[in-house]
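Beneath this line is the structure, given in structure tokens, with notes to follow.
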Amino acid sequence: MSLFYMAAALFLLGTILLGLVRVLRGPGSGDRMLAAQLFGTTGVTILLLLSLALEESALVDVALVFALLAVVAAVAFVRQHGLPEPPDTPIHRQPPDTPGPERPHDDR
Amino acid sequence: MIANALTVILIFAGLVFFAAGTAGLLRFPDVYSRLHALTKADNVGLGLVILGLMFQAGGPADILKLLLIWVLVLAAGTTAAHMVAQRTWTHGEFESDR
Amino acid sequence: MNVLLVLFDLVLLAGIVGVAWRCLASTDLFRAVVLFITFGLLLALAWVRLEAPDIALAEAAIGAGITGALLLVTLERLRSIMAERRSGRRHTPPPDPTGPHALLRALHDPPPERRTFLPALTFALVVGGLLVTALWHQPQSVGLEPVVDAHMDISGVDHPITAVLLNFRAYDTFLELAIVLIALLGAWSLGRHDLIPARPAPGPILPGTLRLLVPVAVVTGVYVLWAGSHAPGGAFQAGAILGAAGILLVLARPRQLPMAPGTPLRLGITAGVVLFLLVGTYGLVAGHGFLGYADAWAYPLIILIEVAATLSIALTLVALFVAGRPAGDDT
Amino acid sequence: MNGLAETVAHTLAPGLLYPTGGAILFALGLYGLIRRHHLVLRILALNIMGSGVFMVLLGVAARGEGAPDPVAQALTLTGIVVAVSATAFALALVVHLTRLTGHAVMLPGPPDDDAPVEDISREAHHADGGPAESSAGEDRSA
């Protein structure tokens, strides 16, 4: 059985590493934050699987703490960019294929 | 024996959902559709894995702890998705200072 | 099983090193911070593989709860300070917050210069190579595990790490609490805190989540503190969890930070160090040496110190997050 | 052939694999610390170096059979809490510096290292404000 748990944990670790592409590529900061949040959920699952595979029941507590505090970074993220916008500010949404100068700089 | 088989099946189903969530995160075109990966796919995947692990739990306390973890992750995922979506909606997908 | 474990280790280490590399290579600071949050998550998995669930617990609370929020709020403070300075300049047109060049550079680090490439690379390679060589040729030793194991019955607790932290090497823990306190004094010496210049998202969702999360966090903190006497857990982890819950509360408050009354706050922040010092001095007077306990009293004293240390660490972490003296405090 | 397999198995044991990874992290953080100019990035680099040290400590503690060394784990635990409070203090200093000077970038030194000390003090550059120095910080380090 623990072989199966370990394989599942390895698979989930692989999905985290794949999902890193989204953090690296963005393009918006919302995308990056979303990906980090997703890693939290996957990390909780990996910890639960490892707790059975390695027979270490304390890992359930670690998973509990991760689940409990997963939301903190997201709340901090929302508190960014709160300078009061002038009332006539247009919501500066632009189509993703416009190569505007404020496109996030990608240095790869 | 049956418990083991159920665990394997449920965890396997959960992994499929995780894979779907990652695919969604990578392939969907914009933030709003990528939110599905967070709020739906991964939370269902975690739910299935936890359901599978419950068959291996030692006692009612362990089962309750696993359930609590799922509830907390659900709450965190919902809140985070809501806040990321709202912020993207009010500030635009690309900020001007990066 | 062994092959899978080795594969897991290799993939995990590759991920950790890769994430650290991309984090330090980022020109976009926000991206670097998100990568650093992911780095913390992967590190917690590495600590699990190294049979250190205590460290994983602390890393989970600090990496997921505290560091990420701290860095994101710092970025926001930097951005708003720079925006203010730029708009206060006389000869430039007022910045257009939506304009392309308005704040382009605020949270942006230009790629490094070419001329530092070779020296930096050589230096890092030499140091890393020396470290790896030293570590590979280190003689095998059993460490201090047998010594700790032999003295567990007089330590007053059943968990070796708690025994080391609060009995065998209580000195370290005492000085560590003092260092955390000094960091806070340093932050306070910089003056009043800045408001976090943003509103939280309006609507019922965030308050509703808080109503679920904060009580559960308090219960979890107490549980982890209690578990520390016989299983992974203890004062640091509990303090980090409670501190993260406090940071969540601070973040969710609209606009204004909670006004902590000065005196109780100071008492709580210094409680750990003061109590540790009192107990240590008592041990000195009673003839057990500084920070020594009578065997029969070890358990209650350890619990007492741990409770005080948890309170101090939690309050100090929240105060460090707010970064600045409490408002309405004119000393 | 047998010896080779044994060497590989020995090398891939967590007690040797993770300290090596920790050393790599330390070197990587050192490299980033030298190369990057933004102070927040430098703090991240210091944190990565610290994590490398923790990984070395815990990896060495986990070597061999039996339970890992609890003293090394306890030291790492204190180290993590000290690291997070030091990081918080450093970030507060960066915010304060930005409020005073208007930027959080540590500029590279002047091209010739023998220049008089006054030339390195950048606060005068930035304190008075004006169009001439509008982006001196970015231009010099770009």
Side-chain angles (χ1 to χ4, degrees), chain C residues 6 9 13 17 20-21 23-24 29 32 36 43 46-47 49-52 54-55 58-59 62 66-67 70 74 77-78 81 85 89 91-92 105 109-110 112-113 116 120 124 127-128 131-132 135 140 142-145 148 160-161 164-165 169 172-173 176 179-180 183 186-187 190 236 320 323, chain D residues 12 14 17-21 23-28 30-32 34-38 40-41 44-45 48 51 55-56 58-59 61-64 66-71 73-74 76-78 80-82 84-86 88-89 91-92 95-96 98-99 102 104 108 129-131 134 138 141-142:
Chain C
V6 167
D9 288 345
L13 272 177
V17 172
W21 171 49
C23 168
L24 290 178
L29 285 192
F36 191 74
L43 269 188
W47 303 156
R49 277 294 295 130
L50 290 172
E51 299 169 64
D54 289 89
I55 322 284
E59 186 76 47
I62 286 174
I66 296 174
T67 320
L70 196 62
T74 303
R77 282 178 172 151
L78 293 184
I81 288 172
R85 280 183 72 98
R89 197 172 281 151
H91 299 285
T92 44
R105 289 298 184 86
D109 191 30
E113 303 161 311
T116 57
V127 170
L131 266 175
V132 170
L135 285 169
Q140 287 280 350
V142 279
L144 292 166
E145 205 270 326
V148 172
I161 293 175
V164 170
L165 276 176
R169 290 188 67 94
D172 288 345
T173 312
E176 186 254 359
I179 286 180
V180 172
L190 299 176
F236 292 142
L320 272 171
Chain D
L12 292 182
L17 199 60
Y18 280 93
T20 311
I24 294 174
L25 277 185
F26 187 86
L28 193 66
L30 198 61
Y31 180 74
I34 300 170
R35 290 270 278 161
R36 302 317 299 264
H37 298 309
H38 201 286
V40 172
L41 271 178
L44 290 186
I48 287 174
S51 304
M55 198 180 270
V56 168
L58 290 178
R63 273 184 191 171
D69 187 347
V71 176
Q73 295 201 356
T76 312
L77 200 52
T78 47
I80 285 182
V81 178
V82 167
V84 73
S85 35
F89 178 40
L91 289 175
V95 171
H96 198 67
T98 311
R99 203 182 300 123
S134 60
E138 292 92 353
S141 52

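The chains referred to below are lettered A, B, ... by the order of the sequence lines, with proteins before strands, and numbering in each begins at 1. Heavy atoms only: backbone and side chains are in, while hydrogens, waters and symmetry mates are out.
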Part of Leu77(D) within contact of chain C (heavy atom distance under 4.5 Å)
both

Give a yes or no on whether the backbone of Pro160(C) and the side-chain of Gln73(D) come within a donor-acceptor separation of less than 3.5 Å.
no

So, the part of Leu190(C) with a heavy atom under 4.5 Å from chain D: the answer is both

Between Pro68(D), Gly32(D), Ala62(D), which has the largest tally of heavy atom pairs under 4.5 Å with chain C?
Pro68(D)

With rounding to the nearest 0.5 Å, note down the distance linking CG in Leu28(D) to CH2 in Trp21(C).
9.5 Å

Looking at chain C, which one of Ile34(D), Val82(D), Thr20(D), Leu44(D) has the largest number of heavy-atom pairs inside 4.5 Å, strictly under?
Leu44(D)

Considering all heavy atoms of both residues, which atom of Leu320(C) and which atom of Ser85(D) are nearest to each other, and what is their separation?
CD1-CB, 3.5 Å

Restricting to non-hydrogen atoms, name the atom on Gly186(C) and the atom on Phe89(D) that form the minimum distance, rounded to 0.1 Å.
C-CE1, 3.2 Å

What part of Ile55(C) is in contact with chain D, defined as an atom under 4.5 angstrom from a non-hydrogen atom: side chain, backbone, both or neither?
both

Contact summary for Arg36(D) and Leu24(C), nearest pair of heavy atoms:
NH1-O, 2.7 Å

Could you check which of Asp9(C), Thr173(C), Asp54(C), Asp172(C) has the highest count of heavy-atom pairs closer than 4.5 Å to chain D?
Asp9(C)

Is Leu135(C) close to chain D through its backbone or its side chain, or both, or neither, when contacts mean heavy atoms under 4.5 Å?
both

Can you tell which part of Val17(C) gets under 4.5 Å to a heavy atom of chain D, answering side chain, backbone, both or neither?
both

When rounded to the nearest 0.5 Å, the distance separating OG1 of Thr76(D) from CG of Leu50(C) is 10.0 Å

Tell me, side chain or backbone of Val71(D) under 4.5 Å from chain C's heavy atoms, or both, or neither?
both

How close do Leu30(D) and Ala124(C) get, heavy atom to heavy atom, and via which atoms?
CD2-CA, 4.4 Å

Minimum heavy-atom separation for Ala23(D) and Leu131(C), please, with both atom names.
CB-CB, 3.8 Å

Applying a strict 4.5 Å limit to non-hydrogen atoms, the region of Val180(C) in contact with chain D is both

Show the nearest heavy-atom pair for residues Gly128(C) and Ala27(D), with the distance to one decimal.
CA-CB, 3.8 Å

Per-residue contact mode, Ile66(C) against chain D (heavy atom under 4.5 angstrom)
side chain

Measuring from atom CD1 of Ile80(D) to atom CZ of Phe236(C), what distance do you get when rounded to the nearest 0.5 angstrom?
10.5 Å

With the side chain counted from C-beta on, respond yes when Leu13(C) and Met55(D) share a heavy-atom pair under 4.5 Å apart, and no when they do not.
yes

When the 4.5 angstrom heavy-atom criterion is applied to Ile24(D) and chain C, the contacting part is side chain

Is any side-chain heavy atom of Thr78(D) less than 4.5 Å from a side-chain heavy atom of Arg169(C)?
no

What part of Phe26(D) gets within 4.5 angstrom of chain C, counting heavy atoms only: side chain, backbone, both, or neither?
side chain

